[in-house]
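Input: a single structure, listed below in C-alpha cells.
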Amino acid sequence: MINALATAQSLIQLESVTTHSNAVVADHMRSLLLAQQFTVEKLDYTDLHGISKVALAAKRLPQSTSLATPDTAHGIAYFCHNDVVSVEGWNAPQGGPWDAVVADGKLWGRGACDMKGSAAAALAAIANIPIEEQTAPIYFFATGDEESGMAGAQWLVENSRYYRELVDNKTPGIIGEPTNMQLVNSHKGGCHLEISSLGVAAHSSTQEGLNANWAMIPFLTYLKSVSERCETDPTLQNSSFSPPTLSLNVVLKNEPAMSNITVGKATCHLFLRSMPDTQWRQLHAEIAARGCELGLTVKSMRPLLPLHTPAEHPFVQSVLQLLGQFEPAAVCYATDGCCFEELPDLVVLGPGSIEQAHRPDEWITLAQLELGTTIYEQ
C-alpha cells in the first residue's frame, strides 16, 4: 500500500523547480501509477520558456463493470502539477528544501503544500481502493509547468485521449491545489499584455538619441484611468472574491537602463486577474486597441480563463455534503483549471493552506495529509 507521507517525501526529494525539466519526478510519478495498474500516457512538450517538460495522463479501469451505477459510470479525475517554485531564500530551520523533514507535526520542503503533498494524498487514496471493488474509471493528470505558464495543461487538452474522454463523458474533476480541504468552485484567471515603444539609444550628452519613454507616457496616463475604473466600475468587479477587482498590475522596463544612455526600448508589462461574471474580455481588448492607436507594439499572451462551476451542480453539492460545508468558496489564485473550460464539473479541493505555498519555509501538516487521503478516497 502507498503511504501519503512517504510518497510526499519521495516526491519532494526530487528537485523540480519550474525553470528546469520535471522529467525525473514525472518518471517517479509514472512508476507509482503503473504500480497501481494505471495505463499512462507520457506526453513530452516544451513550455513557454523553451524547457522540455513531461505531462502525464493516466487511467485505471475497474476490473468488473457489473459494479457500475448510472451515477458513477464516467468516473472521476484528479489534476495536479509536479513543478515547484524557486528555492531562492529558503530558510526553514528544519532542513533544506529537498530534505522532506518531518518535525512539529508537519512535513517541510519545497512542494510539500504546493502541491506534491496533495498528489501523494491522491495516490494513497487510490491505493486504498481495491481495483476489484472499483466501480468506474479513475483518471490522474499531472503537468510540469503550472508555476510558469500552464503550457502543460494546454498540451493535455490538445493531445491526451484520456482528457478527451473526460470532455466527451462530462466526467467530474478535482484540482488538488491547497484549500485546507474546503471546496472551491471559482478562481481567477490571468491576462498578460506587453506594450512597447522603440527609440534610439545613444550617449545622453548628444542629440543622436530618442528616448522611448516619451511615446509610452500617453499610454501610461490612460492606464492610470483604467486602474481607477477597476476600483469603481461594478462591471469589472465580482463580490465573491476578496479583493473583488481585476488586480491590475503594471511593470515597466527600460533597455538600456542607464542614466547616460537614452532609452532605446520601453516596455510595459501589464497583468490583470480575470474573474467570472465581469467584463474582463472587453477591457483586455480595449487596452490592446488603445496601445495600437498610440502607435505602440502590442503583444498579448493567450488569456488564462477564470474557473467557475455553478454551486447548484449536483457534483458540487455532493462534495459539499461529503465535507459538511455549507457553500463553496472563491479564491484569487489561478490553477491549471484555467485551461480546462470544456469540463463542466471541475472544482478545487486539496490539503494544505495556500498561505504556506511559495514560502521560504513551506510545509504541510500531517493532519492535512491524512485528511486529504481520507476525503479523496471517499
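The structure presented is a predicted model; accordingly, all values stated were derived computationally and were not measured.
Ion pairing between Lys53 and Asp47 holds under the 4.0 Å rule for side-chain N and carboxylate O. Comment: Asp361 engages Arg359 in a salt bridge, judged by a side-chain N to carboxylate O separation of less than 4.0 angstrom. Glu342 has no carboxylate O lying under 4.0 Å from a charged side-chain N of Lys170, or vice versa, which leaves the two without a salt bridge.
For Phe340 and Phe79, the distance between ring centers is under 6.0 angstrom. You'll find the ring centres of Phe141 and Tyr78 outside the 6.0 Å limit.
When the side chains of ILVMFWY residues are joined at heavy-atom separations under 4.5 Å, either directly or via intervening members, Ile217 and Leu270 end up in two distinct hydrophobic clusters. Cluster membership check: Val24 shares its hydrophobic cluster with Val40, using side-chain heavy-atom separations under 4.5 Å among Ile, Leu, Val, Met, Phe, Trp and Tyr. Under the 4.5 Å side-chain heavy-atom criterion for Ile, Leu, Val, Met, Phe, Trp and Tyr, Val348 and Leu304 are members of distinct hydrophobic clusters. When the side chains of ILVMFWY residues are joined at heavy-atom separations under 4.5 Å, either directly or via intervening members, Leu48 and Ile51 end up in two distinct hydrophobic clusters.
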Using the rule given for side-chain hydrogen bond (donor to acceptor under 3.5 Å, both in side chains), can you reason through Tyr376 versus Asn128, listing the C-alpha separation, both sets of side-chain angles and the distance that settles it, and then say yes or no? CA-CA 10 Å; Tyr376 284 156; Asn128 290 340; over 6 Å; no
One pair to check against salt bridge (charged side-chain N to carboxylate O under 4.0 Å, His left out): Glu286 and Arg229. What are the steps and the verdict? CA-CA 13 Å; Glu286 177 195 316; Arg229 280 169 52 196; 2.8 Å; yes
From CA spacing to verdict: side chain to side chain contact (heavy atoms under 4.5 Å, CB included), Leu123, Gln36: CA-CA 9 Å; Leu123 289 166; Gln36 293 205 56; 4.1 Å; yes
Passes side-chain hydrogen bond (donor to acceptor under 3.5 Å, both in side chains), His187 versus Thr335? Steps please. CA-CA 8 Å; His187 70 56; Thr335 77; 2.8 Å; yes
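Residues Thr18 and Ser148 bring a donor and an acceptor atom of their side chains to less than 3.5 Å of each other. Side-chain N/O atoms of Asp114 and His358 include a donor and acceptor closer than 3.5 Å. Remark: the Trp363 side chain and the Gln356 side chain contain an N/O donor-acceptor pair separated by less than 3.5 Å.
Within the 4.5 Å cutoff, the side chain of Val298 has heavy atoms near those of the Leu193 side chain. Residues Glu165 and Lys59 form a side-chain contact, since some pair of their non-hydrogen atoms from C-beta on lies under 4.5 Å apart. Taking 4.5 Å as the limit, every side-chain heavy atom of Val17 sits out of range of all side-chain heavy atoms of Val85.
Paired with Ser300 under the rule side chain to side chain donor-acceptor pair (under 3.5 Å), one option of His192, Glu194, His284 passes, and it is His284.
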